[in-house]
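Scroll down for the structure; my scribbles are underneath it.
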Amino acid sequence: MTAPVVTTTALATTHSVSYSVRADGVAVISLASPFEQDNRLDRQVVAELLGVLGRLETDSSCLGAVLISARKDFMLGTQLASLKTIKFASEAELFSRDITSAFRRLGTLSKPVVAAVHGAALGSGFELALACRAIVAVNNDATTFGFPEVCVGLLPGAHGLLRVAERAGLGAALDLGLSGKPVSSARAMVLGLVDEICPLSVLLDVASRWARQFAFGIAPDPVRRLPSWEDAQSFLFESNPIGRRLLLARARGESHLKTHGHYPAPERIVDVLERYMKRGIDAAGELEAKFFGELVVSETAHHLIALFYAAEAQHADSGVDVADGTVEAHPVEHVAVLGGGVMGSGIAYVTTASGIPVRLKERDDAGVGRALSYVKRLFDERVACHELTWMQRDRAFSLLSATSGLTGLGGADVVIEAVFEDLSLKQALLREFESLTKPTAIFASNTSSIPIGRIAEAARRPEQVVGMHYFSPVQRTELLEVVRAEKTAPHVVATVVALGKRQGKTVIVVKDSVGFYTSRILAPYLNEAVQLLSEGITVEAIDKALVDWGWAVGPFQLVDELGLDLVAHVAEMVHGAFGERLIPPDAMVRLIGDDRKGRKNSRGFYSYGYPSTPERRVDTTVYRSLEVEPHGRLPQEEIQMRCGLQLVNEALHAFGDGILRSAREGDLGAVLGLGFPRFRGGPFRYVDTLGAEEVLRRVQGYCDRLGRRWSPAPVLVDMAKKGRRFHV
Ligand code: NAI
């Protein structure tokens with residue numbers, strides 16, 4: 001950014017918006033939150049922005065302005081904390097209207113304002129940029145545009161989505177609004193949302209040129225490009241009312257399939273865009289403000305916002321509760337992954353995608369080939385959906401190499417094993433790698449159930465052994481559960497927590513114990529589902545009840561994906577450790593005896609191997625294996641409570657046993673690792689919502705009726721007695 005600034009008059013040091021004028025007569029409106037690292041929108045910023053725009057209008061020394069950020073990112077959205085305090089929908093609606101009219105002023109001012117974007121422009125940041133006369137953006141990976149509002153139960157306000165529809169069409173607006181995923185500046189340019197992309201060094205100059213050209217009434221040249229297949233498709237759909245109706249109906253159908261009606265925001269987004277298509281931007285804006293108000297005060301948004309803050313808090317957490325800051329993560333420059341199956345390949349993928357070189361070891365050349373092509377496929381998928389360019393893919397993929405021997409593995413700072421779930425195999429590899437790697441190397445196990453302390457019994461340096469429990473599919477599941485064994489050194493925990501964050505994970509840290517936290521609480525949930533099946537409730541009825549409760553998939557579909565052998569193995573282990581409460585039903589043993597391993601051997605609760613049909617078909621021979629007559633006669637709520645409360649009660653047992661550091665981590669672990677309904681906020685938030693007393697009444701009722709596998713957690717009894725909550 002080269003042109004000198006001649007006057008710099010920040011309004012005051014505690015202000016977020018400052019104003020200065022360059023030698024070429026273009027004002028620079030700079031955003032820099034004085035209290036936080038990131039720019040976020042709140043009432044104060046809006047008021048300051050309006051003040052600066054007033055000044056711009058009357059300042060005869062300048063022709064127009066560039067709006068830019070003095071922080072790493074342009075703006076990361078609205079200050080959610082300020083929304084949390086809003087009690088009434090009308091208040092939130094007014095907030096939305098005020099922002100909309102402030103942003104509208106940007107586009108209607110007598111002097112042009114051009115957005116110069118580097119870093120992320122998300123939510124209201126994107127809306128702010130769209131309200132300017134043009135957007136100039138940096139052509140690097142860090143510069144992105146998106147509407148993540150839907151992820152916290154809200155819809156994009158301030159006409160942002162409507163301006164996207166105006167500039168890039170209905171399809172693009174639906175995609176951006178409903179997915180919540182950001183797009184790169186290059187992609188935004190292709191969509192017609194960004195007017196020019198350039199290197200960071202000339203961003204201010206290029207944006208100033210746009211502002212001057214507008215001021216002189218010279219329409220800047222539109223960037224021309226060849227029409228793409230996407231352009232042809234959107235022309236076909238969007239140029240006529242039938243095509244537009246089809247697009248809206250498809251979006252509505254797809255989002256209902258995902259949300260089952262539990263998340264109102266996606267439906268509202270489609271409603272607003274439908275109104276825009278029929279009646280234009282002003283009428284749609286009215287609906288947008290009304291819905292925004294309703295959504296802000298909804299319980300769903302409150303729970304989703306709480307989860308957002310919980311994840312933010314984890315991102316700032318070192319994983320080690322040492323107040324003096326003496327424990328530091330060690331640098332990780334090379335990672336070795338042992339085992340290239342589903343999990344090992346996924347771990348290799350997320351590690352190379354984060355820019356860290358990986359050496360993967362498999363048993364033989366066939367295993368090496370399988371692992372490499374699996375990782376390659378994951379990168380290719382990202383290129384296909386425009387998340388990566390082919391150059392970025394090649395750069396990341398070149399960080400991966402593999403061997404069936406031992407070469408190239410000695411330099412690893414962290415070795416992550418993901419071989420078969422077999423204690424002696426894991427211990428043998430640990431011994432081998434302690435001799436092969438440098439003395440500081442960390443050995444992390446991805447075991448889903450074996451206590452890390454047991455694996456570490458074979459170690460010469462048990463303080464360098466830790467658990468890194470990833471979830472399947474690794475590339476899509478946000479959670480990493482780090483397991484701290486009794487002897488694990490604090491710097492080892494800090495190092496793998498930092499590594500997990502680089503891999504894009506939200507990391508929780510739990511105490512070592514059988515099943516850790518996540519596998520332990522999943523076991524009674526799945527046990528109860530199998531128990532219900534053995535009582536004659538159909539697979540469909542159980543899966544449907546839990547999906548209707550908000551799980552992404554039902555318990556039997558989940559078991560088929562995980563493998564019944566692995567599920568039964570974990571169930572046995574937690575039963576051995578925690579006794580009668582976690583006893584697996586007899587039916588589980590029968591199913592294993594019937595060689596039902598799920599999708600992997602095409603023998604599970606559902607049928608596999610047939611030509612795929614839209615409807616998943618239950619393998620009805622499962623009832624014969626269990627000698628039950630399926631009837632499906634049980635109220636849906638009873639099925640939901642029996643499975644759901646088993647998980648919740650066990651989470652509270654684990655909390656009482658000191659497995660978790662906080663209820664916050666317990667909620668994140670269940671939601672991000674297992675798929676506990678996100679809109680319910682997690683098991684601990686669920687207890688708070690229902691009230692500990694009510695949860696205890698239900699659990700105790702089942703205990704009296706169904707036996708000791710329902711023993712209420714002592715923490716629950718205590719909280720009910722004292723009328724306490726987990727979260728303030
Ligand atoms: P998998 O059976 O797909 O892969 C295991 C891989 O390890 C195979 O490709 C095998 O060839 C390789 N292997 C075995 N011995 C080896 C050796 N000595 N050297 C190098 N490679 C060797 O199993 P998956 O599902 O990937 O699980 C791996 C680990 O991750 C297990 O401990 C499992 O409990 C754990 N886990 C699995 C989850 C899942 O959902 N599948 C979830 C979380 C953890």
Side-chain angles (χ1 to χ4, degrees), residues 336-350 358-375 378 402-409 412 415-433 436 443-452 454-455 458 465-483 500 505 508 510 514-523 526 553 557-574 597-601 604 669 672-675:
V337 175
L338 313 182
V342 187
M343 297 305 291
S345 300
I347 296 166
Y349 165 78
V350 294
V358 171
R359 182 78 167 159
L360 184 142
K361 174 181 160 44
E362 249 296 336
R363 278 186 301 178
D364 49 32
D365 290 347
V368 165
R370 264 196 314 273
L372 289 177
S373 45
Y374 185 92
V375 177
L378 294 179
T403 176
S404 56
L406 290 174
T407 54
L409 291 152
V415 177
I416 305 173
E417 75 75 16
V419 296
F420 303 131
E421 188 75 341
D422 174 338
L423 176 62
S424 51
L425 174 62
K426 288 179 192 292
Q427 287 185 327
L429 283 170
L430 166 58
R431 275 191 291 266
E432 189 174 15
F433 275 81
L436 189 72
F443 188 90
S445 173
N446 178 47
T447 170
S448 44
S449 60
I450 306 171
I452 301 303
R454 290 290 311 279
I455 299 174
V465 180
V466 69
M468 286 181 91
H469 182 206
Y470 295 84
F471 297 79
S472 181
V474 183
Q475 68 279 10
R476 280 213 301 272
T477 315
E478 263 178 82
L479 190 76
L480 169 65
E481 183 178 31
V482 164
V483 186
K505 301 293 170 196
I508 63 169
V510 304
V514 176
F516 322 127
Y517 168 64
T518 48
S519 300
R520 172 173 167 181
I521 66 170
L522 189 63
L526 297 178
V553 294
Q557 204 184 327
L558 180 66
V559 173
D560 270 5
E561 294 301 326
L562 292 173
L564 185 59
D565 49 341
L566 180 66
V567 169
H569 176 71
V570 175
E572 262 318 315
M573 291 203 58
V574 292
K597 291 187 183 153
R599 184 187 282 277
K600 63 181 150 193
N601 74 340
L672 304 184
L674 304 179

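Remember, it's 1-based here, ligands and their atoms both numbered in the order they're listed.
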| Derivation and outcome, side-chain hydrogen bond (donor to acceptor under 3.5 Å, both in side chains), residues Ser449 and Glu421 | CA-CA 8 Å; Ser449 60; Glu421 188 75 341; 2.8 Å; yes
Got the closest protein heavy atom to [atom], with its distance?
atom: atom 16 (C) of ligand 1; value: Arg363 CG, 3.3 Å
atom: atom 4 (O) of ligand 1; value: Gly341 CA, 3.3 Å
atom: atom 35 (C) of ligand 1; value: Asn446 O, 3.3 Å
atom: atom 25 (O) of ligand 1; value: Met343 CG, 3.8 Å
atom: atom 19 (N) of ligand 1; value: Lys361 CE, 3.8 Å
atom: atom 40 (O) of ligand 1; value: Ser472 CB, 3.3 Å
atom: atom 31 (C) of ligand 1; value: Val419 O, 3.2 Å
atom: atom 3 (O) of ligand 1; value: Val342 N, 3.3 Å

| said: Could you tell me if the side chain of His469 sits less than 4.5 Å from the side chain of Val510, heavy atoms only? | reply: no
| query | Side-chain contact, heavy-atom cut-off 4.5 Å: Thr447 with Phe516? | reply | yes
| said: Give the atom numbers and elements of ligand 1 that come within less than 4.0 Å of a heavy atom of Lys426. | reply: 31 (C), 32 (O)
| message | Taking 4.0 angstrom as the limit and counting only heavy atoms of Leu425, give me the atoms of ligand 1 inside it, by number and element. | response | 15 (N), 18 (N)
Using a plain distance cutoff, I'd like to know if [X] has any nitrogen or oxygen under 3.5 Å from a nitrogen or oxygen of ligand 1.
X: His469; result: no
X: Arg370; result: no
X: Glu421; result: yes
X: Gly344; result: no
X: Glu362; result: yes

For residues [X] and [Y], report the shortest heavy-atom separation together with the two atoms involved.
X: Lys361; Y: Ser404; result: NZ-O, 3.6 Å
X: Ser448; Y: Ser519; result: O-OG, 2.8 Å
X: Met573; Y: Pro451; result: CE-CD, 4.1 Å
X: Gly673; Y: Phe471; result: O-CD2, 3.5 Å
X: Arg520; Y: Val574; result: CA-CG1, 4.2 Å

| task | Evaluate side-chain contact (heavy atoms from CB on, under 4.5 Å) for Leu338 paired with Phe443, printing each intermediate quantity in order. | result | CA-CA 10 Å; Leu338 313 182; Phe443 188 90; 4.2 Å; yes
| task | Could you please spell out the steps behind the side-chain contact (heavy atoms from CB on, under 4.5 Å) verdict for Met468 and Ile347? | result | CA-CA 10 Å; Met468 286 181 91; Ile347 296 166; over 6 Å; no
| message | Before you tell me yes or no, could you show the steps for Ile452 and Ser445 under side-chain contact (heavy atoms from CB on, under 4.5 Å), namely the whole-Å CA-CA distance, both residues' side-chain angles and the distance that decides it to 0.1 Å? | response | CA-CA 7 Å; Ile452 301 303; Ser445 173; 4.2 Å; yes
| Verdict with supporting geometry, Tyr349 and Val358, side-chain contact (heavy atoms from CB on, under 4.5 Å) | CA-CA 9 Å; Tyr349 165 78; Val358 171; over 6 Å; no
Ligand 1 contacted by [X] (non-hydrogen, < 4.0 Å):
X: Glu417; result: no
X: Ala418; result: yes
X: Phe420; result: yes
X: Leu562; result: yes

| task | Heavy-atom distances under 4.0 Å are what count here, so tell me which part of Tyr470 touches ligand 1: side chain, backbone, both or neither. | result | backbone
| task | Have a look at ligand 1 and work out which part of Leu338, if any, has a heavy atom under 4.0 Å from it: side chain, backbone, both or neither. | result | neither
Could you list the donor-acceptor pairs under 3.5 angstrom formed by side chains in residues 423-430, with sequence neighbours left out?
{"unit_1": "Ser424", "atom_1": "OG", "unit_2": "Asp422", "atom_2": "OD1", "d": "2.9"}
{"unit_1": "Lys426", "atom_1": "NZ", "unit_2": "Glu417", "atom_2": "OE1", "d": "3.1"}
{"unit_1": "Lys426", "atom_1": "NZ", "unit_2": "Glu417", "atom_2": "OE2", "d": "2.9"}
{"unit_1": "Lys426", "atom_1": "NZ", "unit_2": "Val419", "atom_2": "O", "d": "3.2"}
{"unit_1": "Lys426", "atom_1": "NZ", "unit_2": "Phe420", "atom_2": "O", "d": "3.3"}
{"unit_1": "Gln427", "atom_1": "NE2", "unit_2": "Arg454", "atom_2": "O", "d": "2.7"}

| said: Any protein heavy atom at under 4.0 Å, with atom 9 (O) of ligand 1 as the reference point? | reply: yes
